[in-house]
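See below for the structure under consideration.
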There are 2 protein chains.
Amino acid sequence: MFSQTVEYALRAIVYLADQAPNPCTTEQIAKATKVPQAYLSKVLQSLRQSSVVHSQRGIGGGISLVKTPEELSLLEVVNAVDPICRIHTCPLGLKGHGTNLCPLHRKLDDTMRETETAFAETTLAQILLSSTSSYPLCNEPHERLTQLGGTTISPSN
Amino acid sequence: MFSQTVEYALRAIVYLADQAPNPCTTEQIAKATKVPQAYLSKVLQSLRQSSVVHSQRGIGGGISLVKTPEELSLLEVVNAVDPICRIHTCPLGLKGHGTNLCPLHRKLDDTMRETETAFAETTLAQILLSSTSSYPLCNEPHERLTQLGGTTISPSN
DNA sequence: GCCATAATAGACATCAATGTCCATTTATCG
DNA sequence: CGATAAATGGACATTGATGTCTATTATGGC
């Protein structure tokens with residue numbers, strides 16, 4: 001129901017939120033989220049063009065969130081790469097329906113509206129704080145590869 | 001969010017429900033629903049293989065619903081052509097998550113479950129009886145091209 | 001049995017989503 | 001300035017969704 005690109009974008013953003021506000025390289029994100037790196041870079045470009053993430057080239061650079069996890073909703077991520085396009089006018093192009101969708105398309109649009117709302121109301125911070133018995137994207141909490149102060153910590157492996 | 005094929009399948013089924021229990025030819029459905037006829041025949045084959053519709057060749061034949069509009073849900077139609085596939089195991093293939101999805105995939109699956117439920121609870125009869133100000137698929141009620149008794153009525157155009 | 005009707009099957013065409021690869025540009029560090 | 005790190009852009013490959021076309025098969029009426 002959701003495209004592969006949406007899945008990849010959300011994985012990357014969850015990882016970035018987990019590491020926020022530190023930047024992460026595409027390679028780092030790709031490995032952590034098991035997304036093909038070359039394709040991920042395309043997805044990240046879409047996110048950058050929509051101002052969901054910020055990028056910085058060169059040593060010490062990488063990708064980082066523009067907003068804090070508290071301010072960023074799932075919907076903003078989804079709409080950046082594969083917009084949920086609501087039904088505004090009759091898909092059959094019937095005049096006379098105008099904004100009055102027929103019962104079928106009214107129902108379809110309603111379900112899309114519900115999905116849209118669910119995504120709009122969920123922030124990345126909520127995802128990170130949710131307590132299911134599994135951590136987001138991994139078996140253990142992710143290593144924080146850099147500390148806020150700038151000291152680098154090596155991963156345990 | 002929903003594929004073109006789902007859209008076409010639902011249009012066809014709504015039309016068939018409107019004409020039920022009379023059979024309709026693919027050509028007739030295609031014109032009424034503005035779906036490319038050759039492609040529609042593919043979609044209808046999927047619906048037949050899932051026993052949503054029944055087909056009859058030759059003169060007087062066509063496509064008809066297997067169930068009554070009261071018994072048929074939108075979900076059965078959708079799942080016949082483009083199944084809503086729920087998330088059952090971790091898409092990253094992480095052991096240890098098992099059926100315990102991480103918060104991200106838990107949320108994604110929840111929205112899919114809601115959509116699934118919405119479709120499961122809506123019957124074709126409800127769609128036909130819904131009173132928005134627009135008729136399903138058309139500006140006016142569809143002509144019933146044949147009557148239950150077998151007498152054929154010419155369309156007014 | 002013959003003809004008209006209508007579904008069926010399969011080949012083929014087109015396009016968008018997904019995925020890969022490589023050269024180029026921008027940045028930091030020494 | 002030179003070396004390294006990292007994103008960027010564009011070309012290309014692959015696959016699945018969408019769409020078209022034609023020959024074949026099944027059915028009912030005469």
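These numbers come from a predicted model, not from an experiment. The chains referred to below are lettered A, B, ... by the order of the sequence lines, with proteins before strands, and numbering in each begins at 1.
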>> For A/Ser3 and A/Asp82, which I'm curious about, is there any donor-acceptor pair between the side chains at under 3.5 Å?
In response: yes

> Should A/Asp109 and A/Arg113 count as an ion pair when the cut-off is N to O under 4.0 Å?
Replying inline: no

> Rounded to whole angstroms, how far apart are CD on A/Glu27 and C1' on D/dT8?
Replying inline: 16 Å

> For the side chain of A/Thr26, counting heavy atoms from C-beta on, which of C/dT18, D/dT8, D/dA7 is nearest?
Replying inline: D/dA7

>> Which nucleotide wins on minimum distance to the side chain of A/Thr25, given the candidates D/dA6, D/dG9, C/dA7?
In response: D/dA6

> B/Gln4 CD to C/dA17 P: how many Å, rounded?
Replying inline: 13 Å

> Are the side chains of B/His105 and B/Leu108 in touch, meaning some heavy atoms are under 4.5 Å apart?
Replying inline: yes

> Looking at CG of A/Asp18 and CG of A/Leu65, how far apart are the two atoms once the value is rounded to the nearest 0.5 Å?
Replying inline: 10.5 Å

>> Rounding to an integer number of Å, can you tell me how far B/Leu40 CG sits from C/dA9 P?
In response: 15 Å

>> If I take atom CD in residue B/Glu7 and atom P in nucleotide D/dG19, what distance separates them, rounded to the nearest angstrom?
In response: 11 Å

> Is a donor-acceptor pair below 3.5 Å formed from side chain B/Lys42 to base D/dT20, judging by atom type as modelled?
Replying inline: yes

> Separation of A/Gln37 atom CD from D/dA5 atom P, in whole Å?
Replying inline: 14 Å

>> Measuring to OP1 and OP2 of C/dT8, would you say a side-chain N or O of B/Ser41 lies under 4.0 angstrom away?
In response: no

> Can you check side-chain contact (heavy atoms from CB on, under 4.5 Å) on A/Thr115 and B/Glu114, steps first, answer last?
Replying inline: CA-CA 8 Å; A/Thr115 300; B/Glu114 282 176 26; over 6 Å; no

>> Under 4.0 Å from OP1 or OP2 of D/dA17: is there any side-chain N or O of B/Ser3 that close?
In response: no

>> So, does A/Tyr8 get its side chain near the phosphate of C/dG19, meaning an N or O under 4.0 Å from OP1 or OP2?
In response: yes

> Once you round it to whole Å, what is the distance between C1' of C/dA11 and CD of B/Gln45?
Replying inline: 14 Å

> Once you round it to whole Å, what is the distance between C1' of C/dA27 and CD1 of A/Ile63?
Replying inline: 14 Å

>> Using a strict heavy-atom distance below 4.0 Å, which residues from residues 49-60 of chain B are in contact with DNA chain C?
In response: B/Ser55, B/Gln56, B/Arg57, B/Gly58, B/Ile59

>> Can you confirm whether B/Val52 sits close enough to B/Val66 that some side-chain heavy atom of one is under 4.5 Å from a side-chain heavy atom of the other?
In response: no

>> Is there a side-chain contact between A/Arg48 and the phosphate of D/dA6, meaning an N or O under 4.0 Å from OP1 or OP2?
In response: no

> So do A/Leu44 and A/Arg48 actually touch side chain to side chain, heavy atoms under 4.5 Å?
Replying inline: no

>> Distance check needed: C/dA6 C1' versus B/Ile29 CD1, whole Å only.
In response: 12 Å

